[in-house]
Amino acid sequence: MKEQGFKQVGYAGCTYVRRDDEGNPTLIIVAYVDDCIVISPPERRDDRDSFMKTFNSKYEIVDQGDLSWHLGVSYERNREKGWLKAHQERYVIKALEKFGMEGCNPKKTPLPSGVKTYKATDGNRCSESERQLYRSIV
């Protein structure tokens, strides 16, 4: 990536950016194992195509077109209105089904305001399996 003029962003090590002489990003690459997202402004489409050609000469790649799904996140885009929506709707639906909560009613808080909670006593503690179940639900 560095030989192509990219610099690593932050400490995660999976995001790289290449900038023009004015400091504007021309390409952004987000990589995770063997999945990559290549992002470019519309006016830099030629840069993107050139990068993809060079990258493809070194690695076997498949350009799957516009981003719609990556690492469990679903993406929807409206170019005319200029928005991109990222969500995990499928993940949430599967989690609700797993715990039999498909018909639940969403709430901003899990308990009504003002409810007093108490620290568990030795005779009133949850088992390890109950704690694991609670953690996986939450």
Side-chain angles (χ1 to χ4, degrees):
M1 299 300 282
K2 290 180 182 179
E3 66 191 36
Q4 293 237 357
F6 287 90
K7 290 192 177 175
Q8 187 175 341
V9 177
Y11 298 101
C14 62
T15 304
Y16 300 86
V17 66
R18 183 165 69 189
R19 298 179 183 280
D20 62 18
D21 293 336
E22 288 83 43
N24 301 311
T26 60
L27 278 176
I28 299 171
I29 309 296
V30 181
Y32 183 78
V33 186
D34 63 349
D35 287 328
C36 290
I37 300 173
V38 180
I39 304 164
S40 67
E43 65 274 10
R44 300 309 286 250
R45 185 70 181 203
D46 290 344
D47 290 345
R48 179 201 174 280
D49 293 344
S50 174
F51 166 78
M52 294 296 282
K53 186 176 182 180
T54 303
F55 201 66
N56 195 30
S57 71
K58 293 183 179 187
Y59 307 99
E60 185 178 331
I61 64 170
V62 176
D63 186 347
Q64 297 181 333
D66 285 348
L67 179 65
S68 62
W69 181 261
H70 184 72
L71 300 177
V73 178
S74 194
Y75 297 88
E76 296 175 46
R77 181 178 194 162
N78 186 319
R79 290 180 192 270
E80 289 177 12
K81 294 183 179 180
W83 58 259
L84 176 70
K85 177 181 172 184
H87 60 83
Q88 291 184 295
E89 184 177 352
R90 277 197 250 175
Y91 173 80
V92 171
I93 289 170
K94 285 182 179 182
L96 290 171
E97 289 170 351
K98 178 179 178 180
F99 298 107
M101 298 176 65
E102 303 95 302
C104 70
N105 296 319
K107 300 287 182 191
K108 290 182 180 181
T109 59
L111 294 172
S113 60
V115 169
K116 294 204 181 262
T117 59
Y118 301 93
K119 188 174 182 177
T121 60
D122 285 337
N124 195 18
R125 291 192 182 273
C126 296
S127 68
E128 180 58 31
S129 65
E130 290 170 322
R131 285 194 293 275
Q132 278 185 316
L133 176 62
Y134 174 78
R135 287 191 294 259
S136 64
I137 292 173
V138 174

Trainee: Give a yes or no on whether the backbone of Ser50 and the side-chain of Thr54 come within a donor-acceptor separation of less than 3.5 Å.
Mentor: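 Checked: pair present.
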
Trainee: Using the ring of each side chain (for Trp, its six-membered ring), is Phe51 parallel, tilted or perpendicular to Phe55, with breaks at 30° and 60°?
Mentor: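 The arrangement is parallel - the two ring planes meet at less than 30°.
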
Trainee: Does Asn24 offer a backbone N or O that forms a donor-acceptor pair with the side chain of Asp20 under 3.5 Å?
Mentor: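 Yes.
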
Trainee: Which pair of heavy atoms, one from Cys36 and one from Ala31, lies closest together, and at what distance?
Mentor: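 Taking every non-hydrogen atom into account, SG-CB, 3.8 Å.
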
Trainee: Is there a side chain to side chain contact (heavy atoms under 4.5 Å, CB included) between Trp69 and Ser74? Walk through the geometry before answering.
Mentor: CA-CA 5 Å; Trp69 181 261; Ser74 194; 3.7 Å; yes

Trainee: For Lys94, is there an ion pair with Glu97 - N to carboxylate O distance below 4.0 angstrom?
Mentor: no

Trainee: Applying side chain to side chain contact (heavy atoms under 4.5 Å, CB included), run through Glu76 and Trp83 and close with a yes or a no.
Mentor: CA-CA 8 Å; Glu76 296 175 46; Trp83 58 259; 4.2 Å; yes

Trainee: Under 3.5 Å, is there a donor-acceptor pair between the side chain of Thr26 and the main chain of Arg18?
Mentor: yes

Trainee: Between Thr15 and Ile28, is a side chain to side chain contact (heavy atoms under 4.5 Å, CB included) present by the stated rule, with each step listed?
Mentor: CA-CA 7 Å; Thr15 304; Ile28 299 171; 4.2 Å; yes

Trainee: Test His70 against Ile37 for side chain to side chain contact (heavy atoms under 4.5 Å, CB included), laying out the working first.
Mentor: CA-CA 8 Å; His70 184 72; Ile37 300 173; 3.4 Å; yes

Trainee: Determine, for Lys53 against Asp63, whether the closest basic-nitrogen to carboxylate-oxygen distance falls under 4.0 angstrom.
Mentor: no

Trainee: I'd like to know if Arg44 and Asp49 make a salt bridge, using a cut-off of under 4.0 Å between side-chain N and carboxylate O.
Mentor: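 Between Asp49 and Arg44 there is no salt bridge, as every charged N stays at least 4.0 Å from the carboxylate O atoms.
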
